[in-house]
Amino acid sequence: MAVTLKSIVTRASVVGAIVILLMGVICFKFIWEKTVNFEAAVGQVDVKTQVALPAKRGDILADDGRKLACSINEYTIFMDPCADGLRKVFDKEIDSLSLCLSNFFKDKTPAQYKKYICESRAKGLRYIRLTPKGRRLSLTEKNKVKSFPLLRRGKNRGGYLEEANGARVRPFGILAERTVGSLYADKEKGGQHGIEQSFDKQLRGIDGEGQKICIGGRWLDKVDVAPEDGLDVHTTINIDIQDVAEHSLMNQLMQRDAEYGIALVMEVKTGAIKAMVNLHRSKDGEYRENYYNYAVGRAVEPGSTFKLATMMTCLENGLVKPSDTIHIYGGKCKIYGVMLNDSHQGDENEITIEDGFAASSNVAFARLAMKSYGQDPQKFVNSLRNLGLCDSLGLDIKGEQATNIKNYKEKGWSGITLPWMSIGYELQITPIQLLAFYNAVANNGKMMKPMLVQSLDKDGEPYRTFSPTVIRSSIASRRTIETAQQMLKSVVERGTAKNISKAPYKIAGKTGTAQTVKDGVYQKTYLASFAGYFPADKPLYSCLVMIYGAKTGFYGNVVAGSVFKDIADRLYAAEYKNGNIVQETQIKLADVMPYSKGGKSDDMRTVLNELKMQHNPVASGAEWLSAKAKETDIVLTEKHVVSSQMPDVRGLGAADAVSILEKMGLKVDLKGFGSVKSQSLAPNSTVSRGSRVSLVLTN
């Protein structure tokens, strides 16, 4: 059959008409779905419930911004068994889904899960819970469930629904756990202890409001009021200092089989708390940080660390001088029929007040108090209060217990109350209050509020900052403070704490050893303590260590002093590294012989011989020498250089020191001019090529 042009045109017209008709049908269907059916769907909107949109709880941060506590999401999985996308695949995959849910949650059999989901579908329920009650899933677990049959198709095609809820975690475990605090099991109640409790309102934020709605088979979250996330609490706690304090304290607690222990570290100038440790022996014998904040909430009889307060009242009232003497009867005497003993007794009968303080003589201080205040005991009490010992500290966390110093003639006052109070008994004071007092002495009399929070942050920036707060501009006269400072040094230099005196810095402090009391009866266990500050001449940190209920080796200098020394060593090293402390070299210039820098052996000999200066012979193979001036000669000593050990380059000129260190492959930073005064890497410490060392020079 011949195809004509007319037939071709006719056929094309028919095809075109069909295409236009189909397009019209499609457009009509689209308009129908978007108008009539949509309106019908909207009229049948399934508003499941008005739901709270939880705000994210703020984080609790260490001083450097690392997280001490933070919120992560935990998940609850729900399902819409009537989702439109399930029509063709539900029957095919429901058995597989039920098996997966049963194997994962292990709370129901596959048959029970299938029955639960199918019955819910038959009832037209659009929002059923798959996660067992009381259980929430981690992100990893949530993703696992989301990969199960049906659910893997998503929200609209597979009925998968989830809710995220904030969970609280502490990335550093028990570190500062009691200070950071915890939440109630019912998280709606918020913080239960510590900073979590005290700053609960700022941390929790404000929840929003919304609805879970289903429109046309599609689930949507409708936000009515957006949540406002909580603020971050930026603390003063230093993770590294807290870690050292915690580990050292725990070791001593375990050795002494003690009940509990605390360690506090405070910045002298600001009052910022850098570490607050509260370790308690639990029923299983392990020491944990989750029991009680003893540092803040439990007042104790402190023992001999309180003798500083007694000493200062006598100094402030002009009743005694450190050089005055007092009779101690060999360290043993009766007061109103009650025997009082010194820990170390002997034949010595008369000592100076300063020596009595250094030796921590109970007899000396009891007799000093009676001699000074026997006619007016209330004057002693008032003088203690004037030192700020009873001031409220206004701490950043709740639970502060007040100091208890009874008044004269108050119920419980007896003939031995005055002498016993003078040595730290028959009164109660919290560790944090005692540290604030010692910190004030280190701070030349200015008492600072112990400060745990430096700012509230929002989106990584300070929203509200907290400045250091002065409680008292001066707790005593300048003369009293300076005398007290000198006496605290004497305790470490030649007194009860001389066991911790061997350090490249000076420590000032006071030991304490007191019997513990329970229900008014003194026990055969002890409270060992050490309170002080360092470096003694230019204090940066104050520190208090208390170990309660020690059964063995309970003296404060050994038990608490060793923990204090561990903390001080770590802090000193850190401050030295940061350039905040310069170690003084012990080179004294002689009156006759000129000072000489160290240097190369040949150069040193040439110069000394040319100047006709006497010096000792040294080994011919020595390459580097150091020099020390004496009255009549120069003493030369060989400086040994070992490839893997940091040499002692103190006393050398800058050029010589750099030459030695760079030959070892070390990188050298110089500060100042002249000879090397101090070095950031300790002599004989292990070093490797590429290590960096800082040298401080002085003329």
Side-chain angles (χ1 to χ4, degrees), residues 41-42 44-57 71-168 185-188 207-227 229:
V42 171
Q44 298 175 0
V45 168
D46 184 3
V47 179
K48 191 64 184 175
T49 184
Q50 191 79 18
V51 295
L53 303 178
K56 178 181 178 294
R57 189 173 181 87
S71 294
I72 61 171
N73 278 334
E74 290 183 333
Y75 299 89
T76 305
I77 306 301
F78 296 86
M79 183 181 184
D80 175 9
C82 298
D84 288 345
L86 292 175
R87 293 174 185 173
K88 296 181 179 180
V89 296
F90 183 84
D91 292 336
K92 185 185 298 183
E93 297 186 15
I94 183 60
D95 289 330
S96 299
L97 173 62
S98 300
L99 179 62
C100 289
L101 291 172
S102 177
N103 290 339
F104 186 82
F105 291 120
K106 302 186 186 306
D107 65 325
K108 297 176 184 176
T109 65
Q112 288 172 326
Y113 264 109
K114 181 178 180 179
K115 181 180 179 182
Y116 168 60
I117 297 172
C118 289
E119 287 181 350
S120 299
R121 178 177 170 84
K123 294 176 182 178
L125 300 181
R126 306 300 303 264
Y127 201 75
I128 65 172
R129 182 183 182 122
L130 297 183
T131 309
K133 287 185 178 181
R135 180 170 176 182
R136 289 178 177 174
L137 307 182
S138 67
L139 178 62
T140 302
E141 291 174 320
K142 182 214 55 166
N143 289 336
K144 177 68 175 177
V145 174
K146 193 175 180 179
S147 69
F148 290 169
L150 294 182
L151 302 182
R152 67 169 66 109
R153 297 174 179 271
K155 181 164 58 174
N156 297 314
R157 295 178 60 243
Y160 174 83
L161 301 168
E162 67 180 45
E163 284 186 2
N165 303 96
R168 208 63 169 165
D186 179 359
K187 293 183 177 61
E188 294 301 318
D207 289 347
E209 295 179 357
Q211 300 176 29
K212 287 281 187 185
I213 60 176
C214 183
I215 300 179
R218 291 174 179 255
W219 279 95
L220 302 173
D221 293 325
K222 183 176 183 296
V223 178
D224 297 324
V225 179
D229 291 343

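By convention here, the first residue in the shown sequence is residue 1.
Between atom CD1 of residue I128 and atom CD1 of residue I77 there is a gap of 12.5 Å, rounded to the nearest 0.5 Å. Rounding to the nearest 0.5 Å places CD of E162 at 9.0 Å from NZ of K155. Once rounded to the nearest 0.5 Å, the distance linking CD1 of I94 with CG of L99 reads 11.5 Å. With rounding to the nearest 0.5 angstrom, the CG atom of L137 is 4.5 Å from the OG1 atom of T131. One distance of note links CD1 of I72 with CZ of R57; it measures 14.5 Å at 0.5 Å rounding. Annotation: the span from R168 atom CZ to S71 atom OG amounts to 4.0 Å, rounded to 0.5 Å.
No cation-pi contact links R135 to F105, judged by a cut-off of 6.0 Å to the six-membered ring centre and 45° from its axis.
The salt bridge (charged side-chain N to carboxylate O under 4.0 Å, His left out) search around R153 returns E93, not counting sequence neighbours. Residues passing the salt bridge (charged side-chain N to carboxylate O under 4.0 Å, His left out) test with E163, sequence neighbours excluded: none.
Annotation: side chain of D84 is not in contact with side chain of N156 (no heavy-atom distance under 4.5 Å). The shortest side-chain heavy-atom distance between M79 and L150 falls under the 4.5 Å cut-off. In this structure, the side chains of S98 and Y116 stay at 4.5 Å or more apart for every pair of heavy atoms. Counting heavy atoms from C-beta on, the side chains of L101 and I117 come closer than 4.5 Å. Counting heavy atoms from C-beta on, the side chains of D80 and R126 come closer than 4.5 Å. Contact of the L97 side chain with the Y113 side chain is not registered, since no non-hydrogen atoms from C-beta on lie closer than 4.5 Å.
Using a 30° and 60° split on the angle between ring planes, F148 and F104 fall in the perpendicular class, above 60°.
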>> Before you tell me yes or no, could you show the steps for N73 and K142 under side-chain contact (heavy atoms from CB on, under 4.5 Å), namely the whole-Å CA-CA distance, both residues' side-chain angles and the distance that decides it to 0.1 Å?
In response: CA-CA 10 Å; N73 278 334; K142 182 214 55 166; over 6 Å; no
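Pairing each heavy atom of K108 with each of S102, the nearest pair is O-OG, 2.6 Å. Nearest heavy-atom pair across D229 and K56 is OD1-N, 2.9 Å. Shortest non-hydrogen contact noted between C100 and P149 is SG-CD, 3.8 Å. When all heavy atoms of R121 and C82 are compared, the closest pair comes out as O-SG, 3.5 Å.
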